Amino acid sequence: MAPTRPGLLQDGRDTRTTGSVAAAVSVVPAKPEAAARPPAAPPAPSGYARSVLRAEQRDALLGAQALTGAASAVLRATVALVAGQATGGGRAGRRWKAPLAAAFADLLACEALVTVGLRACGLPQGSGPGVRAAAGYTVPIVVADVLDELQLVMTESRLAAHDGPERRMLAELVDRLERPGTGRADALARQADVVRELPALAAAFGRRWDAGGPGGPGATATPCSSVLFRLDERMPARIIPPEPGSDDTLVSALTAAHARFTRIAAAADVGAGDTVHPALARVAGRLLSEQRALVRQSRLAEGADPGDPRMRAFADRQAMVLLAAAVLGVQGVAAETGRDPFLGSPHWALHASARITERLGIAPDGPGTPASVEARDRIWAELAERHREGIGCDIRATGRAR
């Protein structure tokens, strides 16, 4: 099932747009005095101030991390309910492979963004405000989509007892999403934070693009090797040379991923039956075009009202693009290092990023294409294997021997 849950204003109005930003949303009038004045550089914080700042940054991300962890536990319990039917060849069991694979891909995307943000707290400049705001906004919304999928599976399959532990876990998490200060209520405040960061994110993309570096037109096909995406390594005590900020790294990951998948798809040694890498190249291209459109609009948003529906629509789309960038960055580095075959495979990245393009209304391919079906089946195979071996449904595959 394609996810459809939009971000909502407090009065219940839909803030989502569909299609390209340039086509769907009118240009916001610029404020000449604001556009002409470059932002002043903040003073360098002291060592104590940096420690306090990093603690605050971690706190802003820990709520999103807790939500993804709880949702992963509910997914694991749901997989345990249907795994026997799905692997036994029965039609009833096969019916639930698609929604469970989709839920797994969504949660991996959320974990990728949150983990990148938490790892960025170890950078000298700390975690970027863009990644923190995007995680705080997108994770509750995507987790709510996942819970809808899992509730559908439990209800329609009739495998979960009405008062069983799976139902209780699900109900508790749904309730948590509705509490003030957490979940969707907090997501509205984080959406306003994304609005405030739109000009800075546009400038970050411009810096990487104009420089011809990892995010520029001369970008190579090498995966972005930032320490932020190396989830299986501890953050080094000192980073030399200095890494770019987390916001810069995320926006540059889109261009690097598009170049990489385009090169792989066109390589002579790729088998004739490879449909996943070309599909990923198309998805990355759509996301990159979306980011460029957002840059053109967001550069005019300096000083805009965070409550403006147009600004909220921009923020919604920008947060989803950053979510996809985290997916592609993590997959690229995992493929480069070869330490985690599943995270390094293109299948989960295709399924997760394609679902994000569906949310944005810019999906290049439908869900029934050979690449989409192959990606879904590989993700389900990973889920079923984790169930058999008692491995967690998180991005680090907790419980798997390394």
Side-chain angles (χ1 to χ4, degrees), residues 21 109 112-135 138 194 197-231 233 235 239-264 280-299 317-337 343 346 349 352-353 356-357 360:
V21 169
L113 180 60
V114 172
T115 306
V116 167
L118 286 170
R119 288 176 65 79
C121 293
L123 295 176
Q125 63 271 55
S127 179
V131 65
R132 296 198 308 274
T138 58
V194 179
E197 295 304 321
L198 286 174
L201 289 167
F205 185 83
R207 283 194 299 272
R208 310 298 284 176
W209 183 261
D210 296 338
T220 67
T222 303
C224 181
S225 59
S226 168
V227 294
L228 298 182
F229 295 135
R230 296 180 182 273
L231 305 190
E233 295 180 3
M235 287 290 288
I239 300 175
I240 301 174
E243 286 282 338
S246 56
D247 293 349
D248 293 57
T249 300
L250 275 178
V251 296
S252 68
L254 288 174
T255 305
H258 180 244
R260 175 164 44 91
F261 291 130
T262 300
R263 176 185 61 83
I264 293 174
L280 258 174
R282 292 191 294 272
V283 168
R286 290 292 179 91
L287 290 165
L288 186 58
S289 297
E290 181 71 18
Q291 180 63 69
R292 290 172 185 157
L294 282 164
V295 165
R296 290 193 293 270
Q297 303 291 342
S298 299
R299 281 174 171 165
R317 302 183 75 83
Q318 180 64 81
M320 287 294 169
V321 171
L322 291 178
L323 182 66
V327 169
L328 297 176
V330 167
Q331 187 276 333
V333 169
E336 182 184 33
T337 63
L343 282 186
S353 57
I356 294 170
T357 61
L360 293 170

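For the numbers below, each heavy atom of this structure counts, side chains included, while hydrogens, waters and symmetry mates do not. No experiment lies behind these values; they were computed from the predicted model shown.
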Given side chains that start at C-beta, do those of [X] and [Y] come closer than 4.5 Å, heavy atoms only?
X	Y	result
L322	V131	no
T115	F229	no
R230	R119	yes

[X] side, atom [atom1]; [Y] side, atom [atom2] - distance, nearest 0.5 Å:
X	Y	atom1	atom2	value
S289	H258	OG	NE2	7.5 Å
Q297	R292	CD	CZ	15.5 Å
R317	S298	CZ	OG	11.5 Å
M320	L360	CE	CG	7.0 Å

message: Looking only at side-chain N and O atoms, does R260 offer a donor or acceptor that is under 3.5 Å from a partner on Q331?
response: yes
Might you point out which heavy atoms bring [X] and [Y] nearest each other, and give the distance in Å?
X	Y	value
A109	L323	O-CD1, 3.3 Å
L328	L287	CD1-CD1, 4.3 Å
L201	G130	CD2-CA, 4.3 Å
Q291	V321	OE1-CG1, 3.4 Å
A253	A325	CB-O, 3.9 Å
V114	A135	CG2-CB, 4.2 Å

Partner of L113 under side-chain contact (heavy atoms from CB on, under 4.5 Å), chosen from L250, V330, L118: L250
